[in-house]
Amino acid sequence: MRVKKPRGVFDILPDKLEKWQHLEGVVRDLAHVYGYREIRTPIFEFTELFQRGVGEETDIVAKEMYTFPDRRGRSLSLRPEGTAAVVRAFIEHNMHAWPQPVKLYYIGPMFRYDRPQAGRYRQFHQFGVEVFGCAEPAVDAEVIKLLLQFYEVLGLKGISLEISSVGCPKCRNEFTDALVSYIRPQTAGLCKDCRNRLHRNPLRLLDCKEPGCRGLLTEAPVPLNYLCPVCAAHFAALRNELLALNISYNINPHLVRGLDYYTGTSFEVMHAGIGAQNAIGAGGRYDNLVQTCGGPPTPGVGFAVGIERTLMALQDQGIGFPDAAQEGVFVVSVGEGTLRHALRVVQALREAGIRADRDYAGRGLKTQLKQAHRRGVKWVVIVGEEEISRGNVALRAMDTGEQIEVNESELIPRLRAWRA
RNA sequence: GUGGAUGUAGCUCAAGCGGUUAGAGCGCCAGACUGUGGAUCUGGAGGCUGUGGGUUCAAGUCCCAUCAUCCACCCCA
């Protein structure tokens, strides 16, 4: 039996990859302009990093990690998200001694052992930014602005931004107590999942899609009403910053992020039309994460973008990218013994930096032209016995069918002039 | 981990109630057209019908299992 790819992963073929490369270019340009520098961390880390960083109780760590022992029995895991590793690197390289804030971005594959579905894969790709060492709401606003501008540059419409604050651990504990005591008398009306959430992670009750639960929760306490004065002031200041940046948003008091490390600000960008997994980018503040991972107390804020989901959203809207057209030249040889001559022409073009290809087998002229046509090249150079005898080659424009004969030495300057 | 749908050529799909050599369109290769692409016509290659069992004289078709894909739940980007 043929070997097939594992479940939930995919190949990216050239046609598609050109879209990826365009998106990656947008990421790099934008991050650069905003003053972020790229960091690359390993694909795997000690399992403990994610247990401590992401949280042992989260589904991601509890049941979705690719975890395996290395040859000495240490437990390693493929990274399920990007932030924990960046935090580890921040600590390990003493970045707190760098000029603050430290602004980093990353782009690369992540791994989660989930059941595949629209917009969800076992190996997927994220681009994200992290800012360390500045607790100002202005930074929260900056990363949100960067996130939105990313979609804007790509041309994606129909996105919505939702923001909220889950508060610091102190506010969160108060809120959780209030929520549990509010909902406990009505436990019977909750769905099975929510009865479970009540014990494991009461916050998630707010996120339930069951109409019955939503009904019970309309009047329930929300984190925003339990913020301590500091967290409340931060959230108010963030709203002002967003206003200054002309960013429109919805406050979603039921917005809940799935990772334990979030504190305060949280936000999510959604796009309808890519299926049930409609979050295409999300993030928030994590002011305790660096310390939790063994570093000095350092505030942080960042986001992650799902690249596959973003590309899906673009496709859903029929947004094409600037065609990475098959610019280039196809060299056709005609007649006995012209293959060698065609090789020299191809080589000269390539060494001049012009994309050039040819037929290797000396097939018929018609066939070679057909090849050139199908490749979509704009120019064909015909190296034929007749032209060679005059020291020339023929240059044919495939779009107009116009064909002229030029001296071989003029070929490259001529192509260069026309390329503009 | 749970539930539903679907697996036939590279792609999109046919094949009566189980019946003889599994077809078509598109694509691919070639020829018509030994010096000119997109059109037309002709021919060719390409299949263990996802895989493994079972029922039957006979299975693409019915049954079971398994794998994969899609969709949804859980969860998340």
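Predicted, not measured: the structure shown is a model, and the values here were computed from it.
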Just checking A:Gln368: base, sugar-phosphate only, or nothing, at a heavy-atom cut-off of under 4.0 Å? nothing
Sole candidate of A:Val345, A:Leu339, A:Val332, A:Val329 that passes side chain to side chain contact (heavy atoms under 4.5 Å, CB included) when paired with A:Arg358: A:Leu339
If you look at every strand shown and take non-hydrogen atoms under 4.0 Å, does A:Gly401 touch a base, only sugar-phosphate, or nothing? base
Counting the atoms with a prime plus P, OP1 and OP2 as sugar-phosphate, which does A:Gly281 contact under 4.0 Å by heavy atoms, base, sugar-phosphate, or nothing? sugar-phosphate
Compute both the distance and the angle, then confirm whether A:Arg172 meets the cation-pi test with A:Tyr226: under 6.0 Å from the six-membered ring centre, within 45 degrees of the axis. no
Looking at A:Gln117, I'd like to know whether one of its side-chain N or O atoms comes within less than 4.0 Å of OP1 or OP2 on B:C73. yes
Look at all strands and tell whether A:Leu259 reaches a base, only sugar-phosphate, or nothing, counting heavy atoms closer than 4.0 Å. sugar-phosphate
When syn is taken as a glycosidic angle within 90 degrees of 0, is B:G16 syn or anti? syn
If you measure from the C1' atom in B:C70 to the same atom in B:G31, how many Å do you get, rounded? 42 Å
With a non-hydrogen cut-off below 4.0 angstrom, is A:Arg396 in contact with a base, only sugar-phosphate, or nothing? base
Could you tell me whether A:Arg204 contacts a base, only the sugar-phosphate backbone, or nothing, with contacts defined as non-hydrogen atoms closer than 4.0 Å? sugar-phosphate
Describe the nucleic acid contact of A:Gly8 in one word from base, sugar-phosphate, nothing, applying a heavy-atom distance below 4.0 Å. sugar-phosphate
Determine the contact category for A:Phe127: base if any of its heavy atoms lies under 4.0 Å from a base atom, sugar-phosphate if only primed atoms, P, OP1 or OP2 are that close, otherwise nothing. nothing
Using a heavy-atom cut-off of under 4.0 Å over every strand shown, decide if A:Gly119 touches base, sugar-phosphate, or nothing. base
For A:Gln277 and B:C76, give me the distance from atom CD to atom C1', rounded to whole Å. 6 Å
At under 4.0 Å between heavy atoms, what does A:Ala276 touch on the DNA or RNA strands: base, sugar-phosphate, or nothing? sugar-phosphate
Ignoring backbone atoms, establish whether A:Arg374 has a side-chain N or O less than 4.0 Å from OP1 or OP2 of B:C29. yes
Would A:Tyr105 and A:Tyr34 count as a close aromatic pair, with their ring centres under 6.0 Å? no
Have a look at A:Leu365 and say if it touches a base, only the backbone sugar-phosphate, or nothing, with a 4.0 Å heavy-atom cut-off. base
Distance below 4.0 Å between A:Lys5 side-chain N/O and B:U69 OP1 or OP2: yes
Presence of salt bridge, A:Asp357 and A:Arg375, under 4.0 angstrom: yes
Please classify the nucleic acid contact of A:Gln371 as base, sugar-phosphate, or nothing, using heavy-atom distances under 4.0 Å. sugar-phosphate
Need one value for A:Glu386: base, sugar-phosphate or nothing, where a base atom within 4.0 Å counts as base even if backbone is also close, heavy atoms only. base
Report, as yes or no, whether the 6.0 Å neighbourhood of atom CZ on A:Arg184 holds more than 12 heavy atoms from other residues, nucleotides or ligands. no
